[in-house]
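Written below as structure tokens is the structure these notes are about.
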Amino acid sequence: MDGSQERAERLWAAADHIPQGLAVFDPDIRLIASNAVYRTLLDLPAGLIAPGTPLYEIALHLARRGDFGSGDPAALAAERVTLLTSVPHSVSQRLGNDGRTLEFHARRLPDGGLVVSFGDVTARVAAEGALERVNTSLEGRVAERTATLVRVNAELEKAREKADAANRDKTRFLAAASHDLLQPLNAARLYTATLIERAGGGQLGELVHSLEASLNAVEEIMSALLDISRIDSGALKPNPTPFNVADLLKKIEIEFAPMARSRQIRLRIVGASHTVLADRMLVARIVQNLVSNAIKYTRPGGRVLVGCRVRAGRVRLDIIDTGIGFNRDQHALIFAEFSRLEQGARMAQGLGLGLSIVRRIVAALSLGLELDSVEGRGSRFSIFLPLTRTRVEASPGAQRTEPLSNIAGIKVLCVDNEKPVIDAMEGLISGWGCDVRTARSLRDIDKQGLLLGWLPDLVLMDYHLDQTSGLDAIEWLRHNVGGHLPAALVTADRSPAVRLLAEDRGVAVLTKPVKPAALRATISSLSGQRPRAPGRIES
């Protein structure tokens, strides 16, 4: 036996120890050699494992045994041989008689011969089947979870829509309720102001002042709750427009000067003509709350300064007071709802909602808010407003405050669909020496002939009338009386839309409950906008 034959025998002896079956065929596809696993796994008789056995005979034996399934054994054997030899490399699987799965790899040799190897892949096929079943189950669970999520999302969307609808209903209810509640409160405040002017000093005067303080507290609470409700429900939509800060400061001075005088506090407004881009109504609400707080928590003889300056491309609007102040640890506390410092609670009534509203509006407008305070010495609240290149000139007289003129003899037409309101307004304004006529609608004006031989110098008009809106009623009066008739809306409707409509038509706005000082200042201001009738005697 030569060396090459010895090496071949050793090679095949070693092949008996690999886990796969192995067989080599010559170019005529006759068996050259095979290992023990090949013979064992195929369970072939001795005659079919001898060198020189054609592959077709082996396949025919297996087909007759049923390894290839039902059918003609000769055709099945030929199909199997073709599968193994027709391509350079092939992979196939089949079940054996004992239920095991065998995987065959056939590869043609360069000389035309064939190498066939195969192994028992039953465990792997079982694992793949199990994995496939797991994947199918997982896909089912994913589909089930997806369906659940879709259902939950649909339910959440319905809940959100329901909540939005509830918010809209709440907003509409509050708007209607606030109008109905503020109307009698407005009448009560006007009656109280009339009583204060007529009662003078003494015990009755003290009682009326106490009544006024109680009404003021009710108004502040109602206004704060309505503001919070509008902000939290999303009904308060910022509408940034260019406006001059000087106009805002002028209105703040007119509104709060009487309050400061009554508390013996010096209120100083430092006007500055800067044009900023923000929601004017909401910025005004911020400043009103801050100035009101500054006055309330400053002792008699103290000072409150409101002014602005340009810092880093923004207008910093400051409200500075010499009031009670607070320490740094209390900064977060003062902005919480229904939270008040002990010293402040002793000085003024309230629920502690003003600064909570400020914080909410500042956040809604995306403005900056800065706070600096020293306990016992005072505070500075600053809001930062964005400058704009659009130039808006300040209204005439916005840079300085003129003393209120004597309004005696001014002809005032008051229109409101609530009789207690117009009765109270007539009593108060008549007490100031004005010539007042009242009506509940345009129909009453016509029916009573109020304009026959009498032309008003100005009109104070409710917005919600029975037949029309107050703005349309003002247009009708201007058409019949004169296009320059000064007018102001006196309304419980605090929506920005109404204010914008009024401004577009050159109509001032006073919100109910009306502060008597603001009402008198408005009458004084409007009376100066209309030429006086010839021969009028000034007092």
Side-chain angles (χ1 to χ4, degrees), residues 175-176 178-179 182-183 186 190 239 241-243 247 251 254 280-281 284 392-393 395-398 407 410-419 421-426 429 434-514 518-533 536:
S178 64
H179 180 269
L182 292 176
Q183 285 285 71
N186 180 57
L190 295 174
N239 180 34
T241 56
F243 69 92
D247 290 329
K251 292 180 179 179
I254 291 174
R280 178 169 46 185
M281 306 306 171
V392 177
E393 296 298 329
S395 302
I407 60 175
I410 300 296
K411 295 179 180 179
V412 182
L413 174 62
C414 298
V415 183
D416 196 299
N417 62 354
E418 297 285 343
K419 190 174 188 304
V421 173
I422 57 174
D423 288 345
M425 192 172 291
E426 181 179 16
I429 299 174
C434 295
D435 181 3
V436 184
R437 294 192 181 184
T438 63
R440 299 176 65 181
S441 64
L442 293 180
R443 182 179 298 173
D444 283 355
I445 293 175
D446 185 54
K447 182 188 294 185
Q448 297 172 21
L450 294 183
L451 302 181
L452 296 178
W454 185 88
L455 296 181
D457 294 312
L458 59 98
V459 58
L460 302 175
M461 180 75 67
D462 187 19
Y463 180 66
H464 293 286
L465 300 178
D466 291 337
Q467 287 91 24
T468 185
S469 77
L471 290 174
D472 290 340
I474 290 171
E475 289 299 316
W476 183 87
L477 286 170
R478 284 176 171 173
H479 178 75
N480 287 274
V481 174
H484 299 291
L485 176 65
L489 278 184
V490 184
T491 176
D493 191 328
R494 304 186 177 204
S495 65
V498 171
R499 287 184 176 271
L500 290 175
L501 286 172
E503 287 181 3
D504 288 343
R505 302 190 188 187
V507 177
V509 178
L510 284 173
T511 55
K512 297 177 180 178
V514 179
L519 179 61
R520 179 162 185 151
T522 299
I523 293 174
S524 177
S525 175
L526 293 178
S527 65
Q529 298 177 16
R530 182 174 176 83
R532 292 297 182 85
R536 171 167 288 171

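When each of Asn239, Asp504, Val509, Thr491 is tested with Arg499 by the rule side chain to side chain contact (heavy atoms under 4.5 Å, CB included), just one qualifies, namely Val509.
Val490 has its side chain within reach of Met425: a pair of non-hydrogen atoms, C-beta onward, lies under 4.5 Å apart. Side-chain atoms of Leu455 and Lys411, non-hydrogen and from C-beta on, never get closer than 4.5 Å to each other. Within the 4.5 Å cutoff, side-chain heavy atoms of Ile474 are placed close to those of Val507. Side-chain contact between Ile429 and Leu519 is present, with heavy atoms from C-beta onward closer than 4.5 Å. Between Asp435 and Val412, the closest side-chain pair of non-hydrogen atoms is not below 4.5 Å. Counting only heavy atoms from C-beta outward, the side chains of Val415 and Ile445 approach each other to under 4.5 Å. At a threshold of 4.5 Å between non-hydrogen side-chain atoms, the residues Leu413 and Trp454 count as touching. The shortest distance between side-chain heavy atoms of Arg443 and Gln448 does not fall below 4.5 Å.
Of the inter-residue distances, the one linking Arg440 atom CZ with Ile422 atom CD1 reads 6.5 Å to the nearest 0.5 angstrom. Leu458 contributes atom CG, which lies 5.5 Å from atom CG of Leu526 (distance to the nearest 0.5 angstrom). Here CG of Asp472 is found 11.0 Å from CG of Leu477. Values are rounded to the nearest 0.5 Å. In this structure, CG in Asp446 is found 6.0 Å from CH2 in Trp476, a value given to the nearest 0.5 Å. The CD1 atom of Ile407 sits 3.5 Å away from the SG atom of Cys434 when rounded to the nearest 0.5 Å. Taken from OG in Ser469 to CD in Glu475, the straight-line distance is 9.0 Å, to the nearest 0.5 Å.
Smallest separation of non-hydrogen atoms from Ala502 and Leu489: CB-CD1, 4.1 Å. Of all heavy-atom pairs between His464 and Asn417, the closest is O-ND2, 3.0 Å. Between Leu485 and Pro456, the shortest heavy-atom contact is CD1-O, 3.6 Å. When every heavy atom of Leu465 is checked against every heavy atom of Met461, the shortest pair comes out as CD1-SD, 3.7 Å. Contact record, Ile410 with Ser527: CD1-CB, 3.7 Å, taken as the closest heavy-atom pair.
Within the 3.5 Å criterion, the main-chain N or O of Ala439 finds no donor-acceptor partner in the side chain of Asp444. Checked by atom type and distance alone, the side chain of Arg437 pairs as donor or acceptor with a backbone atom of Leu450 at under 3.5 Å. Counting only distance, with no hydrogens or angles, the side chain of Ser525 and the backbone of Ala521 share no donor-acceptor pair below 3.5 Å.
Arg505 CZ: more than 12 foreign heavy atoms inside a 6.0 Å radius.
By the 4.0 Å N-to-carboxylate-O rule, Lys512 lies close enough to Asp462 to be salt-bridged with it.
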query: Glu426 and Lys419: salt bridge (charged side-chain N to carboxylate O under 4.0 Å, His left out), yes or no, with the steps?
result: CA-CA 10 Å; Glu426 181 179 16; Lys419 190 174 188 304; over 6 Å; no
